[in-house]
Amino acid sequence: MRRENAGFRTAFVSEEGTKLLNRDYFAYVEMDDYACYVAADSLDDEKDENSARIVVECILREFTEHPVMHVLSLKKMIRKAHRELLGNRQGLRLRASVSMVVTNYVKCRYLTVGNSRFALLRNDRILYESKDQSLTENLVERETIPRDKAALHEERNNLYSYLGQVNGRMQIQVSRKRKLANGDILLLYTRGIWENCDYVDLKDAAKEVSTPQEMADNLEELILCGQKEEIDNYTLAVTFVDKVYLNPKKRWTLKKVLTVVIPVMIVLLILGITLFVRFRIRSGQKRDMLQHMDNAAQYTTYDNYAPAAEEYKQAGELAKKLKDKERQEEAENRRLLAEQILLADQAMEDGDYNKALELYEKALELSGHCGGSGSEHIREQLDKIGKYQELYELLESAENKETYGDYAGAAELYKKAKGIASGLYDQDARKEALDKQRAAEEALEKLRQEQMAELEEKIRKSIEDEKVAQELADQELMNDKKNALELESKGNELMNQEDYVSAIPYFETAMSMYENLGMEERAAVLAEQIEACKKLAEEAKRKAAEEAEKQSEADKAAEDAKAAADEARQAMQDMKDAEKDKALEEAKKAAEEAKKAAEEAKKAAEKNKEEEDKKEEETEKEKVE
């Protein structure tokens, strides 16, 4: 029924050209539902067998038995023809090239092997065409030669695939199903046509013709008018598609369903892809935001606030895109906290501790809004600021003490400042405190040396004075002994003269001097003499009383008594001088004690210095460890 309701007209021309025999062959069959058109070109020179006819008849026979448009079935038909050429009984080497087109009056499919061709013309242009399986076609595809030169190229008949091929595998070129339209022209032609006509000639021949036979005659006339010396067999089959079959009860075909469904599916797919991409983008942004927050938290853990601030900034921007106000506010607060800590750290690094203190206090307040993030670092820095302030106060106090000459107090304060700087791991401050401590200790040591030199000078002078005093004392002692002996001699002399009263003062003065000199035995002897003189004096007094009448003797006695009194006063003066000698002796003892005290003080100072140096070395070792 399709054939009756479709309009297909076919005409052909097939001639020998300048050859003796026409070894081309064309035939076709039009059935109710399918039609098959086959053109073949013999590639051998066998006169007894027409390879092209064998191929065409075999294919049409198979198609008539099984009319289909399925690729595998159509290939099977061509392979059947190929086997017939190979299995000829006469042992001939038959070869052929073939082109065929199959249609269901709605669509068509064409197959070619070798260099027989197919073309579909629509609206004066070649819409579809087959490709030769030749070396020339390969050169054209590689753009080694132009296509308009291929028809006369020497390798145009050098085929790598054809029916009856013994060596190698035959390759069948199969097209997809092509939808036909009213006015289409189907062409099957062999090499005798395309060697003498180009594509322009084919299109010109189709213009202003009403029948396929007219078009075929036009092309034949064109070939013959060329008056070439040699024209190969040529065959041209022309099929006009006046009308394609239209199914009156056409159901929804798969294509029509797809025509409706595919746009809807495309819209749904685009919408789904858009939603999926948007979801993936938002998921990726959320994942990136959380990753930035985690990275910033890690940086904050290690007190690395510069990259933490950048991470929080990026997290805040992503949260803004995601419209997550809670995350955005959290990221913004943490970014402000990180930047505040950075400003405070910079101020502290610059040595502006008052400004750093204010910034850290503000950062501590912001930390309270961020769950205590960074609070440990802030408190450590605040404690460090307190220590720095204490350090500089100690340095200032030490400098003041150094100004007033209190080098010991200054060295002690510098030592404390050095310990604080060591705890802060501030090498510059520690070096400054250590240098100033050493300078103060050197000044203190210099002062101590000067004091020790002064003390030693005093001690030396004291010793010299003591030697002089000792010499004076020894001299005075000798003088005292000499005086005491002289007084004793004078007393003895008076006693020998029986002037006992005058002798007693001499003896008493001499006895006193002996007692001061520690000569107890001599003092005891004089005490006995004094007692003896007293007794004798009383006896003399008694006698004097008896001789009172003798005035001259009394006056003489008075004068003697006066002289004795003067001598006694002189003895008293001598005693005072002896007391002075005793004071000198005590001064000497005091000088010795002062010297001993100075030596002990010097030893104590050296010991204290050794202990301080030892403590400092231990502190240095602990820091190094």
Side-chain angles (χ1 to χ4, degrees), residues 260-392 423-429:
V260 176
V261 171
I262 286 176
V264 176
M265 293 296 294
I266 290 173
V267 172
L268 293 176
L269 181 62
I270 293 172
L271 180 61
I273 291 174
T274 303
L275 294 175
F276 176 73
V277 170
R278 186 171 181 272
F279 172 75
R280 288 295 300 271
I281 291 173
R282 289 180 63 85
S283 299
Q285 289 176 341
K286 186 174 182 180
R287 183 172 60 254
D288 293 341
M289 178 189 69
L290 296 176
Q291 185 64 45
H292 285 307
M293 294 292 285
D294 291 340
N295 292 341
Q298 289 293 328
Y299 285 129
T300 304
T301 303
Y302 296 107
D303 297 334
N304 195 357
Y305 291 98
E310 184 63 27
E311 292 287 344
Y312 281 130
K313 181 180 178 181
Q314 294 181 13
E317 291 174 354
L318 291 174
K320 185 177 180 180
K321 291 180 181 179
L322 294 170
K323 297 181 180 180
D324 191 342
K325 293 183 178 180
E326 183 178 355
R327 291 282 188 183
Q328 183 181 357
E329 183 178 358
E330 180 185 358
E332 183 64 18
N333 289 335
R334 291 180 180 271
R335 182 185 67 81
L336 292 175
L337 172 61
E339 291 178 351
Q340 186 75 11
I341 292 175
L342 284 174
L343 291 173
D345 288 345
Q346 185 62 43
M348 188 167 179
E349 185 177 348
D350 294 339
D352 192 352
Y353 297 108
N354 292 328
K355 181 179 178 181
L357 182 62
E358 294 177 1
L359 293 173
Y360 279 126
E361 288 176 350
K362 179 64 177 176
L364 189 61
E365 182 181 349
L366 290 173
S367 177
H369 299 299
C370 300
S373 177
S375 59
E376 184 177 353
H377 172 74
I378 294 170
R379 289 192 175 90
E380 288 178 357
Q381 295 298 90
L382 288 173
D383 182 60
K384 189 178 289 186
I385 289 174
K387 290 182 178 179
Y388 269 113
Q389 289 176 340
E390 182 183 357
L391 170 65
Y392 289 116
L424 293 170
Y425 299 100
D426 191 336
Q427 297 298 327
D428 294 336

A.B. asks: Go through the steps to decide whether Met293 and Tyr312 satisfy the test side-chain contact (heavy atoms from CB on, under 4.5 Å), and finish with yes or no.
C.D. replies: CA-CA 6 Å; Met293 294 292 285; Tyr312 281 130; 3.8 Å; yes

A.B. asks: Please round to the nearest 0.5 Å and tell me the distance separating atom NZ of Lys362 and atom CG of Leu343.
C.D. replies: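 Those atoms lie 12.5 Å apart.
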
A.B. asks: Give the intermediate values and the outcome of side-chain contact (heavy atoms from CB on, under 4.5 Å) for residues Asp324 and Met289.
C.D. replies: CA-CA 10 Å; Asp324 191 342; Met289 178 189 69; 4.3 Å; yes

A.B. asks: Starting at CG of Asp288, measure out to CD of Glu317 and round the result to the nearest 0.5 Å.
C.D. replies: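 Here the rounded value is 12.5 Å.
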
A.B. asks: With a 4.5 Å limit on heavy-atom distance, are the side chains of Arg278 and Arg282 in contact?
C.D. replies: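 Yes, at least one pair of side-chain atoms sits under 4.5 Å.
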
A.B. asks: Kindly compute the distance separating CG (Asn295) from CG (Leu290), expressed to the nearest 0.5 Å.
C.D. replies: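 It is 11.0 Å, given to the nearest 0.5 Å.
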
A.B. asks: Let me see the working for Gln298 and Asp294 under side chain to side chain donor-acceptor pair (under 3.5 Å), right down to the final yes or no.
C.D. replies: CA-CA 6 Å; Gln298 289 293 328; Asp294 291 340; over 6 Å; no

A.B. asks: Rounded to the nearest 0.5 Å, what's the gap from CG on Leu268 to CD1 on Ile273? Could you check?
C.D. replies: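 One gets 11.0 Å once the value is rounded to the nearest 0.5 Å.
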
A.B. asks: So how far is it from Leu359 CG to Leu342 CG, rounded to the nearest 0.5 Å?
C.D. replies: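 Answer rounded to 0.5 Å: 11.0 Å.
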
A.B. asks: Atom CD1 of Ile262 and atom CG of Leu269: how far apart are they, to the nearest 0.5 Å?
C.D. replies: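 With rounding to 0.5 Å, CD1 (Ile262) is 11.5 Å from CG (Leu269).
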
A.B. asks: Per the salt bridge (charged side-chain N to carboxylate O under 4.0 Å, His left out) rule, what does the pair list look like for residues 333-344, sequence neighbours excluded?
C.D. replies: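 For residues 333-344, and leaving out neighbouring residues, the salt bridge (charged side-chain N to carboxylate O under 4.0 Å, His left out) pairs sorted by first residue read Glu330-Arg334, Glu332-Arg335, Arg335-Glu339.
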
